[in-house]
Protein chains: 2
Amino acid sequence: MVDEQTTRRRTDRDLKTALIDAGVELLRIRGADGLSLRECATMAGVSHAAPGYHFKNIMGLSTAIAARGFQLFCEAMTRRLDGAGPSPRDRLSAICHGYIDYASDHPALFLFIFSGQKFNEDDEFFCSHSERAYAILREACAPFVASGTPKEDIEVLVWSLVHGYSQLSMTRKKENPKLDRSWPDFDQLFKHLGKALTPNDET
Amino acid sequence: MVDEQTTRRRTDRDLKTALIDAGVELLRIRGADGLSLRECATMAGVSHAAPGYHFKNIMGLSTAIAARGFQLFCEAMTRRLDGAGPSPRDRLSAICHGYIDYASDHPALFLFIFSGQKFNEDDEFFCSHSERAYAILREACAPFVASGTPKEDIEVLVWSLVHGYSQLSMTRKKENPKLDRSWPDFDQLFKHLGKALTPNDET
DNA sequence: CCTCCAACTTGACAGTGTCAAGATAAGATC
DNA sequence: GATCTTATCTTGACACTGTCAAGTTGGAGG
């Protein structure tokens with residue numbers, strides 16, 4: 001847990017990131033409501049009050065973890081985008097699948113950042129990473145904005161759909177095979193969405 | 001807080017509902033992560049361990065509160081449905097607005113029931129109320145299911161859209177008027193959704 | 001009147017976040 | 001090298017939390 005120089009006191013940044021790492025891991029293990037300052041401290045190999053020095057209170061640590069969450073969120077979307085075709089439709093689909101990747105790879109973190117709990121919205125990293133996530137999504141939506149209509153209509157349409165799908169995929173009760181319900185793949189939804197979207201620079 | 005017969009010990013059902021009432025109120029005041037067994041007990045006028053007798057642990061109380069949450073959820077949707085026109089499109093729109101009503105009238109409760117925290121899925125009331133909520137939504141979607149396609153496609157499409165819209169309306173950062181972003185009304189999204197939905201028994 | 005039992009209360013314990021005060025190492029100054 | 005300063009923790013305390021075991025109580029049935 002601690003690197004070779006155990007004697008040497010670590011720098012500010014070291015422990016901060018170690019505590020965030022611990023927090024992400026703790027969420028993975030315990031679920032979206034399993035965060036604990038003291039347990040993060042123990043995992044990082046410091047005393048119970050050490051986190052309080054770097055992050056004023058638990059909201060401070062939560063905010064830093066959420067910032068990391070948004071960072072991973074951005075990475076998941078850009079990773080899909082890098083492997084996508086050039087057409088607006090392919091790119092939008094890639095973003096959506098990145099969104100869903102993130103939710104299924106980091107379920108607790110996903111729920112955590114959208115849990116509605118209060119974060120410190122003055123935090124620089126939190127703001128920049130969360131805004132970047134939304135910016136990525138907005139960019140992919142831009143080609144579908146019909147002239148004369150506000151671009152927010154399309155953005156919120158796509159965003160709501162993929163967010164709702166991700167969240168519901170996660171919280172729904174797992175299937176009882178006796179019931180004839182099955183959970184559709186997102187591509188099915190995207191096909192329907194396609195009827196409502198027309199790229200304004202395609203033939 | 002206690003009715004006229006303070007001397008008389010209350011019945012099982014009385015305290016149970018009083019504790020659920022307290023829980024709902026507590027969520028309203030403190031937000032989605034502000035629930036506390038002991039505080040519910042105090043609000044209901046009983047000792048700190050009384051809730052443990054009726055609800056084995058905090059998951060038991062949480063489940064009961066979530067059940068109440070789904071009940072209010074159903075009421076919000078049926079209230080809109082009662083005032084809606086007869087066409088499938090009007091009825092589906094009514095359901096969606098009921099969904100949104102619920103999220104804005106009971107934000108903490110809405111976040112709570114979809115927070116991803118574990119509930120007791122064996123609980124009778126929790127299951128019946130949550131399943132009824134989904135049944136109401138499914139019914140409104142039924143007229144739009146194209147023959148030959150699984151009905152889940154439409155259901156999840158609508159459900160995801162309205163759920164995502166509700167949640168994002170709630171967790172998004174409030175507008176900086178300097179930014180030219182505005183939050184569209186759901187009717188705008190519903191218009192786009194309409195392009196993807198064709199009632200199979202309308203002209 | 002007595003008994004019994006459901007519905008609590010009381011008390012304890014380990015865990016939590018937060019704060020104040022103390023310790024300590026690394027670097028700066030003399 | 002000795003002293004001072006400061007950032008970075010540690011220690012200890014407090015009020016709060018959920019959970020459990022044991023005790024109490026009041027009403028119903030005999």
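By convention in this document, chain letters (A, B, ...) are assigned in the order of the sequence lines, proteins followed by strands, and residues within each chain are numbered from 1.
- Contact detail for A/Thr171 and B/Gly116: the closest heavy-atom pair is CG2-CA, 3.9 Å.
- Using a 4.0 Å heavy-atom cutoff across all strands shown, A/Ser36 reaches sugar-phosphate atoms only and no base atom.
- The CZ atom of A/Arg30 sits 13 Å away from the C1' atom of C/dT16 (whole-angstrom rounding).
- Between A/Lys56 and A/Glu39, the residue anchored nearer the 5' end of DNA chain C, judged by the nucleotide with its closest heavy atom, is A/Glu39.
- Contact annotation: B/Tyr53 does not reach the phosphate of C/dC8 (side-chain N/O to OP1 or OP2, under 4.0 Å).
- Rounded to an integer number of Å, the gap from NZ of A/Lys16 to P of D/dC9 is 11 Å.
- A/His54 has its NE2 atom 16 Å from the P atom of C/dT18, to the nearest Å.
- Listed nucleotides D/dT11, D/dT19, D/dC9 differ in distance to B/His48; the shortest reach to its side chain belongs to D/dT19.
- Closest to the B/Ile58 side chain, of the nucleotides C/dG17, D/dT19, C/dC8, is D/dT19.
- When rounded to the nearest whole Å, the span between CZ of B/Phe55 and C1' of C/dC8 equals 14 Å.
- Taking only distance into account, the side chain of A/Arg38 meets the base of C/dG17 through a donor-acceptor pair shorter than 3.5 Å.
- Each of D/dT19, C/dT18, D/dT10 was ranked by its minimum atom distance to the side chain of B/Asn57; first place goes to D/dT19.
- A search for side chain to side chain donor-acceptor pair (under 3.5 Å) contacts involving A/Asp21 returns A/Arg68, not counting sequence neighbours.
- In this view, A/Arg132 satisfies the side chain to side chain donor-acceptor pair (under 3.5 Å) rule with no residue, not counting sequence neighbours.
- Between A/Trp159 and B/Tyr165, the gap from one ring centroid to the other reaches at least 6.0 Å.
- Following rounding to the nearest Å, A/Leu19 (CG) and D/dC9 (C1') show an atom-to-atom distance of 12 Å.
- Nearest nucleotide to the side chain of B/Leu37, out of D/dT19, C/dC19, D/dA7: D/dT19.
- In this structure, A/His106 has its ring center no closer than 6.0 Å to that of A/Phe110.
- We find that CG of B/Leu35 is positioned 8 Å from P of D/dG18, with the value rounded to whole Å.
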